[in-house]
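What follows is one structure encoded as structure tokens, with my remarks underneath.
Heavy atoms only: backbone and side chains are in, while hydrogens, waters and symmetry mates are out. In listed order, ligands and their atoms are each counted from 1.
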Amino acid sequence: MSLIPSVPSPIPYEGPASLNPLAFKFYDPTEMIDGRTLSEHLRFSIAYWHAFRGTGSDPFGPGTIVRPWESGSDPVSIAKKRMDAAFEFFEKIRAPFWCFHDRDIAPEGSSLAESNKHLDALVAHGGELQKATGVKLLWGTANLFSNPRYMCGAATNPDASIFAYAAAQVKKAMEATLELGGENYVFWGGREGYETLLNTNLKREQDHLAAFLHMAVDHAKAIGFRGQFLIEPKPKEPTKHQYDFDVASGIAFLRTYGLEGHFKFNIETNHATLAGHTFQHEIEVAAAAGMLGSIDANSGDPLLGWDTDQFNTDIRELTLAMVSILKAGGLGSGGLNFDAKLRRPSIDIEDLFYAHIGGMDAYALAFKIARKILADGTLDEFVRQRYASYDTGFGQRIEAGAIGFRELEEIALGAPEPQPASGRQEYLENLILSYTAPRHF
Ligand code: XLS
Ligand code: NI
Ligand code: NI
């Protein structure tokens, strides 16, 4: 029995000329590119929390979105029906993956033991739905931020008993992820940060966070979870200062505590911009360290200073991001997860389809444009030329660490004055425009 009868069949691919709002214009999941389907290249994933737990509530008012399957008296039965609807959506939107927090899929009970029991029931149900549909789990995670017990953090809570509770919850969420064949496990530091240093021992909190992550690494070994661990940086919200501020501070943290071999990064567009960076910057910083893991695909609002988690149809931003992702060799076991939600007045189930169709089409188009940019090679060649003086002679010896100040001084004294070369930014911006400009008018 269909729970989403108003969208009767899977979303078709109709090509760029189509005006059908319930069709893909650029995303043909079956299109073969370099021996793999577009679906295998892009690895789209649906975020359970936004798509199926988001109600449109905000600090000024309650939810606006009412779904027909959200009725009944037994929370576990509702959760199962909701999950049936979710998998119907995953199939119709043709996403190969989904992602969840433990508390998204199963209701919290009155004790940890009861919560675990609920989770077991929903993981079993999810396993059956995955088998029936072929949809796979990109990653799992634990919600360590909604319940008031975590108001002062989870692994960074000043109370060790909360640390223990969080450890138990992550242990269980990792086991659920393993059970469902999850390819990654994400740590977003929910409330791992502080509001004021007046009550905070920053050093101890960071030590505790590192201890927590080491325990997770040990537990993965113990249970045979071979998925990739991912840190998802975010600079602020909910706490004023989050410890995983951005990719660069995340790398420093992981290296400080000897964790760098076990983690990569899940980069979220809106978190990058909140940190004062571009999306592409965060991708490049992670890639430079060999730690690019996965993407939480969304967008912020340039006029608002919080995590608005919008669907992203900015082709220029996505093209530049895809150029960096492709140059880094892709996302490996990661994917493009739509950590994005409907605006509060977008209350119909069709809106959920429109939102994801736009997000998927935009990424598919950006992927194709980025491939063209890289294949043409003009951009790459420009950058290569710009650094060519390091390819030979003393430049090469600088990179090899085979020369020092004394010899460089001799070279500088003996050579003619260096001549500045233009950075050609406007020329390069026009080059990108020539790829991203619409051509059909
Ligand atoms: C919140 C985060 C969250 C993570 C998963 O801002 O983006 O949704 O992706 O815990
Ligand atoms: Ni996210
Ligand atoms: Ni976010």
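When hydrogens are left out, the protein atom nearest atom 9 (O) of ligand 1 is E232 OE1, 2.7 Å; that is the closest non-hydrogen contact. Nearest non-hydrogen protein atom to atom 8 (O) of ligand 1 is D339 OD2, 3.0 Å.
Nearest to the Ni ion (ligand 2), among the N, O or S atoms that E232 has, is OE2. Here the N, O or S atom of H271 that is nearest to the Ni ion (ligand 3) is NE2.
At a threshold of 4.0 Å, the pair R371-D34 counts as salt-bridged, since one of the basic side-chain nitrogens sits closer than that to a carboxylate oxygen. R226 has no carboxylate O lying under 4.0 Å from a charged side-chain N of E183, or vice versa, which leaves the two without a salt bridge. Salt bridge present: D120 and K172 bring a charged side-chain N and a carboxylate O closer than 4.0 Å.
The only option from F97, F338, F90 that meets the ring-ring contact (aromatic ring centres under 6.0 Å, His included) definition with F44 turns out to be F338.
Counting only N and O atoms by type, the side chains of N20 and S18 include no donor and acceptor under 3.5 Å apart. T278 and Q280 are not linked by any side-chain donor-acceptor pair at a separation below 3.5 angstrom, with hydrogens and angles left out of the test. A side-chain N or O of E192 and one of T156 form a donor-acceptor pair less than 3.5 Å apart. E88 and S2 are linked by a side-chain donor-acceptor pair at a separation below 3.5 angstrom, with hydrogens and angles left out of the test. With no hydrogens or angles considered, a side-chain donor-acceptor pair links N337 and S45 at under 3.5 Å. Looking only at atom types and distance, the side chain of T239 has a donor-acceptor partner in the side chain of Q242 under 3.5 Å away.
Under a 4.0 Å heavy-atom criterion, D296 is in contact with ligand 1. Ligand 1 lies less than 4.0 angstrom from a heavy atom belonging to H271.
Under 4.0 Å from ligand 1, the heavy atoms of E268 that appear belong solely to its side chain.
On a distance-only criterion, D309 and ligand 1 share no N/O pair closer than 3.5 Å. Polar contact check, N266 against ligand 1: no nitrogen or oxygen pair lies under 3.5 Å apart.
Expressed to the nearest 10°, the angle at the Ni ion (ligand 2) joining OD2 in D296 with OD2 in D339 is 90°.
Taking every heavy atom of H101 and a limit of under 4.0 angstrom, the matching atoms of ligand 1 come to 5 (C), 10 (O). Remark: ligand 1 atoms within the under-4.0 Å shell around heavy atoms of K234 are 1 (C), 6 (O). Within ligand 1, counting atoms from 1 as listed, the ones closer than 4.0 Å to a heavy atom of W49 are 8 (O), 9 (O).
At least one N, O or S atom of E268, from either the backbone or the side chain, sits less than 2.8 Å from the Ni ion (ligand 3). Contact annotation: D307 places an N, O or S atom under 2.8 Å from the Ni ion (ligand 3).
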